[in-house]
Amino acid sequence: LQRAGVGHGTAVLSLLSSAYGVLEPQERQDRRIVWDLGRDMLCGCVFERGGLRDYAGHPAGDADETEVSDRVVSASNEWANKYGSIEEIVLTGDLAERQVLTHRIGESLSIKTRIASPSGQSDLDQPRRAAAAGLLRIATLMPRERVSRTQQEMVSGLRRRAEALINEYF
């Protein structure tokens with residue numbers, strides 16, 4: 001960062017930035033499941049009160065649409081059973097632009113499901129641009145909002161889980 005001329009940086013989990021990219025401020029308070037369906041990774045979380053409550057990551061790799069759908073539906077149902085009331089399931093990322101896949105996911109769940117694109121950024125108005133739009137939103141909030149201890153612990157736990165996942169597959 002110093003060589004790039006940036007005074008300091010703040011690490012932001014990609015899924016957190018995706019959630020901030022597609023959820024309006026009032027939507028960030030209610031319990032939602034957010035999925036960033038990337039070509040390489042399927043990342044999902046239970047999001048409420050402005051932060052992550054639970055997280056799951058699955059390699060997408062060569063998975064077909066049925067396998068992707070099954071993973072998303074299975075994890076979403078587990079979270080719904082674990083946490084109770086879920087306002088909605090939000091799909092974003094590269095694979096959220098595949099209508100057959102998102103329709104299959106929506107039809108398999110009893111919870112309202114929607115495809116989400118960032119709002120307020122005309123050049124970032126596609127589901128695959130959610131993380132970039134979210135980073136812009138988070139950057140504007142950073143001076144005013146402090147990261148809670150719970151969020152710091154969640155990020156540390158996610159880092160450990162991600163390292164274990166990477167070590168297991170690579």
Side-chain angles (χ1 to χ4, degrees), residues 11-38 40-60 63 65-120 127-128 130-131 133-135 137-138 141-142 144-165 168:
V12 177
L13 187 65
S14 175
L15 185 56
L16 181 64
S17 65
S18 293
Y20 268 78
V22 297
L23 298 176
E24 295 301 322
Q26 66 277 12
E27 293 176 322
R28 294 182 208 140
Q29 299 308 308
D30 298 326
R31 186 177 300 138
R32 287 175 161 70
I33 295 174
V34 178
W35 281 98
D36 188 339
L37 305 175
D40 297 324
M41 286 293 293
L42 309 173
C43 299
C45 72
V46 175
F47 193 89
E48 67 180 332
R49 289 178 278 184
L52 304 177
R53 181 163 184 185
D54 206 339
Y55 173 88
H58 304 280
E65 290 184 348
T66 301
E67 292 171 310
V68 170
S69 174
D70 289 348
R71 289 177 185 163
V72 170
V73 168
S74 175
S76 297
N77 282 330
E78 285 178 29
W79 283 329
N81 290 333
K82 182 176 181 180
Y83 295 107
S85 176
I86 304 288
E87 186 72 24
E88 69 178 344
I89 296 175
V90 179
L91 306 174
T92 193
D94 293 310
L95 299 182
E97 296 176 5
R98 294 187 182 175
Q99 292 180 354
V100 172
L101 172 64
T102 55
H103 179 74
R104 180 179 286 144
I105 292 169
E107 290 292 312
S108 300
L109 293 164
S110 60
I111 303 167
K112 176 184 163 192
T113 304
R114 71 176 166 107
I115 301 167
S117 297
S119 61
R128 66 183 133 160
L135 285 174
R137 283 189 179 169
I138 289 171
L141 298 173
M142 290 304 285
R144 292 180 278 170
E145 291 184 9
R146 300 201 61 153
V147 178
S148 73
R149 184 172 194 74
T150 303
Q151 287 174 322
Q152 289 173 348
E153 291 169 358
M154 175 70 81
V155 170
S156 295
L158 293 174
R159 181 178 291 142
R160 288 189 300 275
R161 288 170 63 186
E163 287 173 357
L165 178 72
E168 181 179 334

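- With respect to the salt-bridge test (charged N to carboxylate O, under 4.0 angstrom), the residues Arg128 and Glu97 qualify.
- The local environment of CZ in Arg98 is sparse, with at most 12 non-hydrogen atoms from other residues, nucleotides or ligands closer than 6.0 Å.
- Between the side chain of Thr113 and the backbone N or O of Ile111 there is at least one donor-acceptor pair closer than 3.5 Å.
- Listed for the Tyr20 side chain is no donor-acceptor partner under 3.5 Å among the backbone atoms of Pro25.
- Glu27 places a side-chain N or O within 3.5 Å of a backbone atom of Glu24 that can act as its donor or acceptor partner.
- Other residues, nucleotides and ligands contribute only 12 or fewer heavy atoms inside 6.0 Å of the CD atom of Gln99.
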Open item on the list: Between Phe47 and Leu52, is the side chain to side chain contact (heavy atoms under 4.5 Å, CB included) condition met? List the steps.
Closed with: CA-CA 5 Å; Phe47 193 89; Leu52 304 177; 3.8 Å; yes

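- The main-chain N or O of Ala130 is never found under 3.5 Å from a side-chain atom of Thr92 such that the two would form a donor-acceptor pair.
- Contact between Cys45 and Trp79 at its shortest, heavy atoms only, is N-CH2, 3.6 Å.
- Without hydrogens or angle criteria, Ser74 side chain to Arg71 main chain gives no donor-acceptor distance under 3.5 Å.
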Open item on the list: side-chain hydrogen bond (donor to acceptor under 3.5 Å, both in side chains), that's the test. Do Trp35 and Ser76 meet it? Break it down for me.
Closed with: CA-CA 9 Å; Trp35 281 98; Ser76 297; 2.9 Å; yes

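- Side-chain N or O atoms of Arg114 include none that pairs as donor or acceptor with a backbone N or O of Ile89 at under 3.5 Å.
- Arg31 places a side-chain N or O within donor-acceptor distance of the main-chain N or O of Ser85, the cut-off being under 3.5 Å.
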